[in-house]
Amino acid sequence: MAKITSRPFGVNKDGASVTEYTLTNPNGLAVSVLDYGGIIRSIVVPAKTGLVDVVLGHDTLADYENEDAYTGSFVGRYANRIQNAQFTLEGKTYQLEANNGPNHLHGCFSKKMFRVKIFGDSLLLEAESPDGEDGFPGNMKISVRYTLTPDNAFRMEYRASSDADTLVNLTNHSYFNLDGEGTIENQKLRLYCSQYLEGNEQTCPTGRILPVKGTPMDFTAGKYIGQDFGSGYPQMDMVGDGYDHCFVIDRPRGASQSICAWAFSEKTGISMKVYTTQPGVQLYTANFYGDVKTPLKDGAKAQKYSGFALETQHFPCSPSFPNFPSTVLHAGKVFRATTTLRFFTGKQCGKL
């Protein structure tokens, strides 16, 4: 069972005291979480090179408050984009905050304070999103449960309910770097996805679901993340010469949770497998992370390709495309989703 400790992590702009909770399992794997934004601040993995922190983060609460890259955050009400910051539900059009050009991106959960309950080897974070927050209808109850297991699995379980029909799409926005430093171009990634959503210049889907085969979008056999940087491929150029695309997960018939990604560092020997119940995974390679002015942990400077995000989620802009899986949450119903990260080191991790 994981050991859970806590320590103060400052006071936010609203005067609320923020706490950092650390779950540590018998193998020495440790995950630190803030009750501000449900942020995963660190995941420290014992490796052949020593202890390696494999997620990006900051040393101070003020740095988290002052950046807008959603580093480590639990995001919603709607992860990713809603086109033109509006949607129509049951004949009524709702106007949202346009915080990403003309579009709505991620929402305000990354800045929200959560109540924390400890259950054995789990942290349960709970909060409310009032009717009208970010422009969405319905009073919503939200929770995320973080669990660290003895076999080096870190599980994130999302739950939401509303008293009115609304939309919901939840994810975690951690940036991973399995080297623990530098950039991620020479780390390997395999995606269990044979299709992706074509994007436009605003990083919104066009509605076309395309095969990855024969394109730089193909990670089905595994490859170095930066292998096709600089290739001139239009889908990559329009998002800053990298990836910011939703991939459609190849889920076996009848499976609820299945593997969607496998990443590996030759430098540290750390391997991470990602499993989810969600239909898609957004690969973002921090193409504009150099715009983050706040320092990273230990004073490191944020730079392009500092990390890669694997945002398990429903598809972006789903309200605009009836052929996408629905993100409507009906009043009185419960939205549930689970994503699990499992870490391996040394001989047990295998190679892509």
Residues forming a ring pair (Phe, Tyr, Trp, His ring centres under 6.0 Å) with F335, sequence neighbours excluded:
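Residues passing ring pair (Phe, Tyr, Trp, His ring centres under 6.0 Å) with F335: none at all.
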Indicate if [X] and [Y] have the same hydrophobic cluster label, given that clusters are the connected sets of ILVMFWY residues with side-chain heavy-atom separations under 4.5 angstrom.
{"X": "V212", "Y": "M238", "value": "no"}
{"X": "I184", "Y": "V281", "value": "yes"}
{"X": "L178", "Y": "L296", "value": "no"}
{"X": "L197", "Y": "L105", "value": "no"}
{"X": "I249", "Y": "L170", "value": "yes"}

For the pair [X] (side chain) and [Y] (backbone), establish whether a donor and an acceptor sit closer than 3.5 Å, ignoring hydrogens and angles.
{"X": "S32", "Y": "S42", "result": "no"}
{"X": "D298", "Y": "A300", "result": "no"}
{"X": "N100", "Y": "H104", "result": "no"}
{"X": "D63", "Y": "T294", "result": "no"}
{"X": "Y305", "Y": "G226", "result": "no"}
{"X": "D244", "Y": "Y284", "result": "no"}
{"X": "S326", "Y": "V328", "result": "yes"}
{"X": "N177", "Y": "G180", "result": "yes"}
{"X": "N169", "Y": "A79", "result": "yes"}
{"X": "T166", "Y": "L329", "result": "no"}

Is there a donor in the side chain of [X] and an acceptor in the side chain of [Y], or the other way round, less than 3.5 Å apart?
{"X": "T276", "Y": "Q257", "result": "no"}
{"X": "Q282", "Y": "H245", "result": "no"}
{"X": "E65", "Y": "N12", "result": "no"}
{"X": "N139", "Y": "D131", "result": "no"}
{"X": "S73", "Y": "S110", "result": "no"}
{"X": "N152", "Y": "R342", "result": "no"}
{"X": "T183", "Y": "E185", "result": "yes"}

Could you tell me if the ring centre of Y146 sits under 6.0 Å from that of F154?
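Between F154 and Y146, which both carry aromatic rings, the centre distance is below 6.0 Å.
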Near-ring test Y175/Y289, centroid separation under 6.0 angstrom
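Yes.
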Go through the steps to decide whether E128 and R115 satisfy the test side chain to side chain contact (heavy atoms under 4.5 Å, CB included), and finish with yes or no.
CA-CA 10 Å; E128 288 78 37; R115 301 180 301 276; 2.9 Å; yes
Please walk me through it: do D59 and R41 pass salt bridge (charged side-chain N to carboxylate O under 4.0 Å, His left out)?
CA-CA 9 Å; D59 284 327; R41 184 173 170 266; 3.3 Å; yes
Would you check if [X] and [Y] make a side-chain contact, meaning some heavy-atom pair closer than 4.5 Å?
{"X": "E133", "Y": "C108", "answer": "yes"}
{"X": "V274", "Y": "T312", "answer": "yes"}
{"X": "L23", "Y": "K3", "answer": "no"}
{"X": "T22", "Y": "V31", "answer": "no"}
{"X": "Y64", "Y": "I39", "answer": "yes"}
{"X": "Y196", "Y": "R208", "answer": "no"}
{"X": "T338", "Y": "Y158", "answer": "no"}
{"X": "R77", "Y": "S129", "answer": "yes"}

Cationic N near anionic O, under 4.0 Å, [X] to [Y]:
{"X": "D291", "Y": "K304", "result": "no"}
{"X": "R7", "Y": "E20", "result": "yes"}
{"X": "K297", "Y": "E181", "result": "no"}
{"X": "E157", "Y": "R155", "result": "yes"}

From [X] [atom1] over to [Y] [atom2], what is the distance, rounded to the nearest 0.5 angstrom?
{"X": "T220", "Y": "K213", "atom1": "OG1", "atom2": "NZ", "answer": "9.0 Å"}
{"X": "D35", "Y": "S6", "atom1": "CG", "atom2": "OG", "answer": "9.5 Å"}
{"X": "L34", "Y": "F74", "atom1": "CG", "atom2": "CZ", "answer": "14.5 Å"}
{"X": "S162", "Y": "K333", "atom1": "OG", "atom2": "NZ", "answer": "13.5 Å"}
{"X": "F324", "Y": "I209", "atom1": "CZ", "atom2": "CD1", "answer": "5.0 Å"}
{"X": "I43", "Y": "L148", "atom1": "CD1", "atom2": "CG", "answer": "9.0 Å"}

Check step by step if side chain to side chain contact (heavy atoms under 4.5 Å, CB included) holds for D250 and Q195.
CA-CA 8 Å; D250 297 332; Q195 297 176 299; 5.5 Å; no
Trace of the ring pair (Phe, Tyr, Trp, His ring centres under 6.0 Å) decision for H173 with F109:
CA-CA 11 Å; H173 206 291; F109 289 4; over 10 Å; no
Does K188 count as lying over the ring of F264, i.e. NZ or CZ under 6.0 Å from the six-ring centre, within 45 degrees of the axis?
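Not flagged: K188 not positioned over aromatic ring of F264.
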Are K112 and Y36 in a cation-pi setup, meaning NZ or CZ lies under 6.0 angstrom from the ring centre and within 45 degrees of the ring axis?
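So K112 doesn't make the cation-pi contact.
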Looking at every heavy atom in both K48 and G269, which two are closest together, and how far apart are they?
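Looks like CE-N, 3.8 Å.
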With F219, the side-chain contact (heavy atoms from CB on, under 4.5 Å) member among Y243, W262, Y192:
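Per the side-chain contact (heavy atoms from CB on, under 4.5 Å) rule, the option paired with F219 is Y243, out of Y243, W262, Y192.
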Residue from C193, S256, C260, S258 passing side-chain contact (heavy atoms from CB on, under 4.5 Å) with R251
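Exactly one candidate clears the test, S258.
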Sort out for me which residue in Q202, Q86, E97 forms a side-chain hydrogen bond (donor to acceptor under 3.5 Å, both in side chains) with N103.
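Option passing the side-chain hydrogen bond (donor to acceptor under 3.5 Å, both in side chains) with N103: Q202.
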Verdict with reasoning, V54 to M272, per side chain to side chain contact (heavy atoms under 4.5 Å, CB included):
CA-CA 10 Å; V54 299; M272 179 183 74; 5.8 Å; no
Show me, pair by pair, the donor-acceptor contacts under 3.5 angstrom made by side chains of residues 119-126, not counting sequence neighbours?
from : atom 1 : to   : atom 2 : distance (Å)
S122 : OG     : T147 : OG1    : 2.6
E126 : OE1    : K117 : NZ     : 3.3

Counting only heavy atoms from other residues, nucleotides and ligands, does the tally under 6.0 Å from CG of D237 exceed 12?
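For D237, atom CG is crowded (more than 12 foreign heavy atoms under 6.0 Å).
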Evaluate the criterion side chain to side chain contact (heavy atoms under 4.5 Å, CB included) for residue pair F229 and I225; output intermediate values, then yes/no.
CA-CA 8 Å; F229 291 169; I225 294 173; 4.1 Å; yes
